[in-house]
Every structure is written in C-alpha cells, then in structure tokens.
Amino acid sequence: MFGFNKVTHKSFRKNFLKTVIFQIGFDGKIFDNDKKNEIVNLFKNQFPRENKIGNRGFQVSFRDSQTPIVQPIRENEGVELKSEDGQKILTIDRTMLSLTVSGVVYRDYYSLKEDLTKIEDFLKLSNISELNRIAIRKINLVEFKLEDNANDVLSALINPNLTVNQNYFPNSEKITHNIHSLNYRDGDAFLNIKYGLNVPPNTNTKIGQILIDIDLYKLTKLESSAIFEASDEINSEIFNVFNWVLSNKTLSMLNG
Amino acid sequence: MDNLQLVETTRDLDFIRESLAEPDFTSMPDVKEFDQKSKNQMISFVMSGALLLSMPSEASTFEIPTEPHGQPENLLSFLNSYNSKINTPIAAYIEEVNSISIKQNYTKREVISEILSFKSLSLNWDGFGAYPLEVESASNALYLMDLIGESVFCAVDELYPNPHGTISLIWYNKGGECVSVEVGNKELSYYVKLSSKDTQYFNNVQINDQEAKRISKFIQSL
Amino acid sequence: MFKSTIRKLKEFLSSFNPYKEKATEGSEIPLHIENSENIIRSIFSPINLNKKKNTLLANTFRPPPDLDEISVNRLDFTSLNFCKKVSKKIEQPEKERSYFGLALLTAQKIRSSNSDIIYTPKSGTGEIYNPFHSDIKIGYIPQRGIPLPAEFMEKVQALTGSAKLFIDPDPTSETWDGEDV
C-alpha cells in the first residue's frame, strides 16, 4: 500500500499494545431511542454495560485526519457500551461505529474480529450497505524506568535508520519528548505514523515511554460485505509498518 | 520570542500559509522530484526532528518572511495558524498519550501527605463533633495502597476523612460509574456501581491481598 | 420565583428588627417538613470540598459519631443571612474549618434518597439559638473507627449528589451576597 516491506503476519508472544481502535464510518442514519435499544440488545452479551453519555460538551472529532481513541459522541445521538471488565468500549452514533480495546486484553487481530462478529448484524439492522471509512489504529507504549538517558533507549528500541541523528542532540538526557510524525497518503488511503520518546509528567516513579502509534484509514466507498477484506489489508500493512519501525533487538524481545 | 531565529527566504507569507493549510512537499521549488519508485506515493507533510517541548514558551525554529510586506498583522495571523495547526495539535497529542497511559490524580507522596493531614485534624474538625482520622484507619488505608498498587490506587478521584474517624476513597469515571471504599480500624466496606448492572455491596471486608485484587479489578474496569 | 420574592421581602423587613427571626414558640414554623421545602447545609473549606474541582465531598452529609443527625436549616422560614450567621458561628479558620458557602437540597430529594428529615429547633439554652434547625436522618448511627455499611455509604453519596453548592463570594462579610438560592 505505502511501500513498506511485506512481512509475513504472525502473532508475537509479547506485545506493547496500549490501545487498538477499529472504526467504520457510514452515511448518517437516524438514531432514536428505538434504534438505541435495538443496538444495546444486539451487543449486550459482549458489551453489557451502557455508559450514560450525559453532557460532556462537544469534542471535535478528528476522524478525517486521525482515528480518535474513543469516538466522542453527543448526548442522545449515540451509545457507548463497555465489556464486563471495562477493557473494551464500543461506541456507535449516526455516522460511525468504533471499537476500542485496551492492550491489557488485546490478544491479536483475529480475536478483534471475534469481537466484531455482530457487526454484520448491526449493519443489516441499520440498513447500511455501504461504508465510507474504515480504520485501524494501534498505539504501542514501551515503558521503562528512567535511570540514565531516555533518548538512548529510543535509539535501542527503534530502527537505527530512524534514529541516526540522536547523538547530535546536546544534553540528550534532558529530552522529555522526541516524537517523530509521518503522514502518508496514497489516493484515499492515509497512514499516520508517530514514534519516539515521551516522558510523562508527575508519575510516582520516573518512567519513560517509547511510543509507536500507527493509524491507517481509508476514506473510500466500500461494500459492507467487504469490511473484513479491507480490514485484513489494513492490518497487514500496519504490521509491515510496525516491523519497519522497530530495531532487531525489539523484535526479538517481542518474540520472547 | 527571544529564541526566534529568522531565516532568509524568498517565499512570501501567503505561500507559507498555503503550505501549512494543504501541505504539498513536492510543490516546493527547491525539493527534488520523487523517483519513479515513489511516484504513486506522496508525502503530504513531513515533520521530523526533535520537538523540545519542555518549555512550551520556547519558540521552535521556523521561517518567516523578511520582506517589507511582512506586516505585523500578517505575522500574527501566521503565528496563529502555526499555533493551531502545528503547536497545539502536538501538545494535544502528547496529552492524549499521557491520558491513555497514566491516570493519576495524586502521586503516592500526595496520598500519604493527605492521609497524614487527616490524622492531624483536631477534634470537632467539622463543627459537629468529628474525630480526626484514626491511626488504625490511616495505616489500613496505606496498607491498602500497597496491596492495590500505586498505579491503580493513585487514580483515586476523592480521598477524605469521615466524622467518625474512617477514611473514604472514591474512583469514578465520566459515565457515573464508581468504586467507593471506606477504610476503618479493622475492616473496610465498599460498593461498586457500574452501568446497566445492580450495585454490588461488600461489608465487613478484611484488608488482604485477595480483597485488594478484587477492588483493583473493579477500579480498572471503570 | 414568587417564593424568592417573598423571601427577599422578609429579609428586607427583618433588617429593621434584629429579633424578628426569633419565632414565638415555633408558631410560624410547621412541625412537618413539606417535600417542597428548601433545606440548607453549611459548607466548610477545605474539609467538605474536592479541592481540584470545587465540588462537594460526601462527608458533607455524614452524621457525627454516635448520632444519626445531620444538622440543616429550613430556608423557607428563615434567610440566607441567618444560615450564614449560624455557619460562621461554628467555623474555626485557625483549625482549617472556614465557612465557604451553603449547600441546598429539597426535602423531597432527601426522602427520595431513602433518608428522612425532621424538625428539631434549637431553643438557645446551652446551644446556638436556631428555631429553623432540622436533622437529616440516614437510618444508621456511625461508630468510631467502623466503616458505614456500603448501602449507607451509597445513601450519603446520593444525598451529596442531590445538593447544589452555592459558593459565598465573600465569606468574611456579615450578609449573603452570593447567587440567589
């Protein structure tokens, strides 16, 4: 899709995933109480907790330039459902369905697809035959105790071709954010890659984080029957990008 | 603005504004054309390099025109555009990353400090005959923090003393769900309120590892 | 709005007679508290407040040890000035209990939280004279060092959630100059 080397997909023994988001978009549908109740019933086995939306204020949706981690929705215009353990959030409104899975419970892409088994029923229920967006975003965070130079950890974990200039930064042990951002576009396919170092503020123990955030989405007309074919392709490319970003050392850590 | 570094450029402000609005790297005159391999791809916007954001007021290096027609109002407009399209989104992104990785309303030190301050309240601290936090209740609360773990415990939203010498700890989310714990001299009570589920009540609970794990799981499910 | 106008008129008239608020043997104040009545609880800083959000903590509506009584006042028969005066009489700024404002809820809200409210005027003998005083009862007497049963914790939380906080813009003054309650 974007020219990254193809890597045969496999599941790593370990992962650093913090959050995985799957999202589809469609033309605006009516969302009334009846519709809401039908949706809640459809997903209630997997997502038994329905969050009250309340008045959280309107947040700007970045769906056209970035996949939001949890899609913001207005009161009475959508529904937010959670799994029993709260680690998966399903958000549905007039124009999109979004599933956010915490890295704590995320096993692999195939288990994500299992979570979405009801999606076809949902599309039928809502008379949606065509999608206008499909996205997957995976945010990885490698946390480590901050002892010496956090920037050195960046150089160790990320592909050296991407961190070749790190020695040039003076007092690199004082760096708190060293984040690189790439945005690709190929027709109606968009890829946002962010990788780098983040030192969060005010934590109990000083920690650093190596961040790898890969967001790939397509703004394209897509038959709802082809949803998983498209998501398979997106997931494969994300895997290629992921392997591209990492150093060999990190890849061997993931293989356990 | 002391750190602002001016760079000579022949590009005018309108061009820069357009570039920021709809970045098209390939249209810049001094950029080589992409080779055949990357013909089908277009890097719309590349922003690499270190972003030193330890002091947000530090200006990053960027280009502004030096021609006479770069008037103050154009400069302000450019800076506003830069801020809204580059600086603010970067800061917002970092905040987003911090919010998904760390939910911490207190540091451990702050929790200990708060608990100790409740212990040192005077008798009748509420005007209606309240006792200060009991020593055993304070010590049990700290023990519970050890058992649950700082990263989960320190996400506590409310922490306060009660008039009869116990301490309350509440974790909640925007959806109105909560875990509310009251720690006493020998035991604790708590309830868990989750959407679409009956509230669960737990009374006369011993403070031990098993119970702490259960409470921790509830907190993490919020 | 009509009630608010009447209250303001009462406050204006009472400013000519410092003793007007002293009801004669409770003749003006019915024993029964109607659901529609407005009830006021004194709020102190920092102890009743979530510092980060300036919202009420649930210890605001906790009874003291060995009693099931949460002291409140019947606003509809008195004034905000009086409620403030009574609050300031029990503040102790040197011990970190400074009068901060007033919390308002209706008797209806109290009863729908499965609690009750009864009229308990203070005669003034050995205690602050307060003919408008009442007590919220949650149905449980807390004991020192023993946590409330979880069901009562939830009840207290519900009471707190029903109350609206009115911050006094000038706690040091003698009169209430804040938002109309």
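What you see is a predicted model, and the numbers here were worked out from it, not measured in a lab. All chains are named by letter (A, B, ...) in the order of the sequence lines, taking the proteins before the strands, and each is independently numbered beginning at 1.
Around atom CD of C:Glu174, no more than 12 heavy atoms belonging to other residues, nucleotides or ligands sit under 6.0 Å away. More than 12 non-hydrogen atoms from other residues, nucleotides or ligands lie less than 6.0 angstrom from NZ of C:Lys137. By the 6.0 Å contact criterion, CG on B:Asp209 is enclosed, its count of non-hydrogen atoms from other residues, nucleotides or ligands being greater than 12. Heavy atoms from other residues, nucleotides or ligands lying under 6.0 Å from NZ of C:Lys155 number more than 12.
Between the side chain of C:Arg97 and the backbone N or O of B:Asn124 there is at least one donor-acceptor pair closer than 3.5 Å.
By number of non-hydrogen pairs under 4.5 angstrom with chain B, the leading residue of C:Gln143, C:Glu91, C:Lys89, C:Gln92 is C:Gln143. Contacts with chain C were tallied for B:Ser122, B:Pro163, B:Gly129; B:Pro163 has the most, counting heavy-atom pairs under 4.5 Å. Contact count against chain B (heavy-atom pairs under 4.5 Å) is highest for C:Lys52 among C:Lys53, C:Lys52, C:Glu96. Interface check for chain B: of the options C:Leu57, C:Asn48, C:Ile90, C:Val156, the most heavy-atom pairs under 4.5 Å are formed by C:Leu57.
With a 4.5 Å cut-off on non-hydrogen atoms, B:Ser180 touches chain C through its backbone and its side chain both. Proximity to chain C (any heavy atom under 4.5 Å) is shown, for B:Leu133, by neither the backbone nor the side chain. Looking at C:Leu148, the atoms closer than 4.5 Å to chain B (heavy atoms on both sides) sit in the backbone and in the side chain alike. Heavy atoms closer than 4.5 Å to chain C are found nowhere in B:Ile167, neither backbone nor side chain. Neither the backbone nor the side chain of B:Val205 comes within contact range of chain C; no heavy atoms are under 4.5 Å apart. For B:Phe202, the part lying under 4.5 angstrom from a heavy atom of chain C is the backbone only. Both the backbone and the side chain of B:Asp157 come within contact range of chain C, with heavy atoms under 4.5 Å apart.
In this structure, C:Ile47 and B:Pro161 have side chains that are in contact, with non-hydrogen atoms separated by less than 4.5 Å. The shortest side-chain heavy-atom distance between C:Met153 and B:Tyr191 falls under the 4.5 Å cut-off. Contact annotation: the side chain of C:Ile70 never approaches that of B:Phe128 to less than 4.5 Å [non-hydrogen atoms, C-beta and beyond]. Between C:Glu151 and B:Asn203 there is a side-chain heavy-atom pair separated by less than 4.5 Å.
Listed in order of number, the residues of residues 59-69 of chain C that approach chain B to under 4.5 Å between heavy atoms are C:Asn59, C:Arg62, C:Pro63, C:Pro64, C:Pro65, C:Asp66.
How far CD of C:Gln157 is from OG of B:Ser168: 8.5 Å, rounded to the nearest 0.5 Å. Rounding to the nearest 0.5 Å gives a distance of 13.5 Å between CD1 of C:Ile146 and CG of B:Leu188.
With respect to the salt-bridge test (charged N to carboxylate O, under 4.0 angstrom), the residues B:Glu158 and C:Lys51 do not qualify.
Residues C:Ala58 and B:Tyr160 share a closest heavy-atom pair of CB-OH, 3.2 Å. The minimum heavy-atom distance linking B:Glu182 with C:Pro147 is given by the pair OE2-CA, 3.3 Å.
Residues passing the salt bridge (charged side-chain N to carboxylate O under 4.0 Å, His left out) test with C:Glu154: none are found, sequence neighbours excluded.
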